[in-house]
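We're numbering straight along the sequence, starting at 1. Counting starts at 1 for both ligands and their atoms, in listed order.
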Amino acid sequence: MQDEKMPIGVVVSGADPVASLEKVRSLGLSTCQMSVPPQSWWSEERIELIKKAVQEKGVRISSLICGFEGESYRDIATIKRTVGLLNPSMREERVKKVFLFSDFAKRLEVKVLQAHIGFIPEEKDSSDYKGMVEAVQRIADCCRKNGQFFALETGQEPAKVLLGFIEDVARENLKVNFDPANMLLYDADDPIKALEILGKYVVGVHCKDGKRPEKKGELGKEFPLGEGEVGIERFIAKLKEIGYEGPLTIEREISDEKRWKEDILRAKELLEKLR
Ligand code: MG
């Protein structure tokens with residue numbers, strides 16, 4: 001199973017990891033990215049339960065996604081204030097949270113930890129930029145000690161800004177989870193060109209679709225895979241071109257469970273034809 005090229009997976013909640021693994025299997029998928037389960041799942045006994053479910057259901061957890069209390073994606077200003085490591089008043093506390101997430105991921109034998117770290121400032125001399133570089137260095141060092149990659153989710157800034165940031169952090173285990181739709185939702189870049197720029201750092205991808213915002217400064221809109229402006233065919237072709245063989249993880253951020261399942265199954269069908 002683990003040798004399959006481009007296995008298709010899905011982003012799921014870690015609120016109940018065992019139920020989520022069952023859901024992934026029921027969709028006929030073999031891999032998933034999961035939000036870090038709440039601390040009530042961190043005991044030895046419950047970690048064993050998750051590992052047993054991974055074995056029994058034949059579903060691999062390819063990465064754990066870090067989230068922080070108080071994050072909101074309501075609009076650009078709120079994202080700047082609440083998401084990731086940009087806001088200095090929350091930075092230290094969140095870095096320490098990621099250390100704990102990394103230790104938990106190690107016990108669960110998951111090799112990639114990933115996060116939206118928030119908008120990366122374009123001014124390299126600013127204290128926010130320097131603060132974020134230092135924070136990500138410490139996180140990457142902790143992940144390295146635990147045998148993990150730390151992957152940054154793309155899309156909130158142009159690929160060149162992210163590339164410059166990665167080079168400034170200068171840690172070999174710092175990688176990218178490439179989300180082509182985010183590039184459009186945040187009107188940040190062209191997804192295919194961005195993939196070319198960041199290609200060698202990509203250890204995971206989100207198969208998500210979307211359209212650019214109608215008005216500058218607003219957020220674009222997410223669409224079911226194949227119905228937005230990413231050009232999923234071009235996206236998968238470009239992944240092959242850069243030699244990417246990791247999971248194709250479908251992401252669909254809607255709360256209607258029935259529609260969510262329908263969209264995931266349609267996306268799976270589409271990806272099976274393209275990969
Ligand atoms: Mg994403």
Side-chain angles (χ1 to χ4, degrees), residues 6-14 20 24 29 31-36 61-68 71-76 78-80 82-86 98 101 110 112-120 149-159 161-162 165-166 174-192 194-195 197-199 201-213 219-232 235-236 238-239 244 246-255 260 263-264 267-268 270-271:
M6 291 188 171
I8 301 171
V10 64
V11 175
V12 290
S13 158
S20 286
V24 177
L29 300 170
T31 174
C32 66
Q33 292 186 356
M34 185 181 278
S35 54
V36 177
I61 303 172
S62 63
S63 75
L64 286 179
I65 304 169
C66 305
F68 306 103
E71 287 187 310
S72 164
Y73 289 83
R74 196 175 53 221
D75 52 49
I76 304 268
T78 312
I79 295 170
K80 282 194 171 158
T82 67
V83 171
L85 305 170
L86 178 59
V98 183
F101 293 162
V110 173
V112 182
L113 200 62
Q114 71 191 54
H116 273 288
I117 59 163
F119 288 97
I120 294 168
F149 291 132
F150 183 60
L152 308 177
E153 176 124 356
T154 60
Q156 295 181 333
E157 52 278 308
V161 174
L162 187 60
F165 181 79
I166 291 171
L174 183 63
K175 302 288 176 183
V176 160
N177 184 74
F178 193 92
D179 185 326
N182 285 349
M183 298 273 169
L184 301 172
L185 300 183
Y186 295 96
D187 205 9
D189 212 334
D190 173 83
I192 310 297
L195 180 55
I197 292 170
L198 296 165
Y201 294 102
V202 175
V203 292
V205 299
H206 281 167
C207 293
K208 186 170 94 182
D209 216 335
K211 293 186 182 176
R212 289 185 195 272
L219 272 173
K221 215 174 146 220
E222 197 204 337
F223 278 83
L225 202 68
E227 295 176 27
E229 294 168 347
V230 165
I232 296 303
F235 177 58
I236 303 297
K238 184 53 103 179
L239 284 173
Y244 178 80
L248 301 175
T249 307
I250 304 162
E251 183 176 43
R252 184 74 177 110
E253 303 185 276
I254 52 172
S255 53
W260 183 84
D263 287 352
I264 299 298
K268 177 186 169 223
L270 177 61
L271 292 172

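- Side chain of Asp189 to main chain of Ala159: a donor-acceptor pair is present (N/O by atom type, distance under 3.5 Å, no hydrogens or angles).
- Expressed to the nearest 0.5 Å, how far CG of Leu271 lies from CD1 of Ile8 amounts to 5.0 Å.
- Residue Lys208 is tested with Glu229, Glu222, Glu251 for a salt bridge (charged side-chain N to carboxylate O under 4.0 Å, His left out); the sole match is Glu251.
- Counting backbone and side-chain atoms alike, His206 contributes an N/O/S atom closer than 2.8 Å to the Mg ion (ligand 1).
- The shortest distance between side-chain heavy atoms of Val230 and Phe223 does not fall below 4.5 Å.
- Closest N/O/S atom of Glu153 to the Mg ion (ligand 1): OE2.
- In summary, an N, O or S atom of Asp179 is located under 2.8 Å from the Mg ion (ligand 1).
- Sorting the N, O or S atoms of Glu251 by how far they are from the Mg ion (ligand 1) puts OE1 first.
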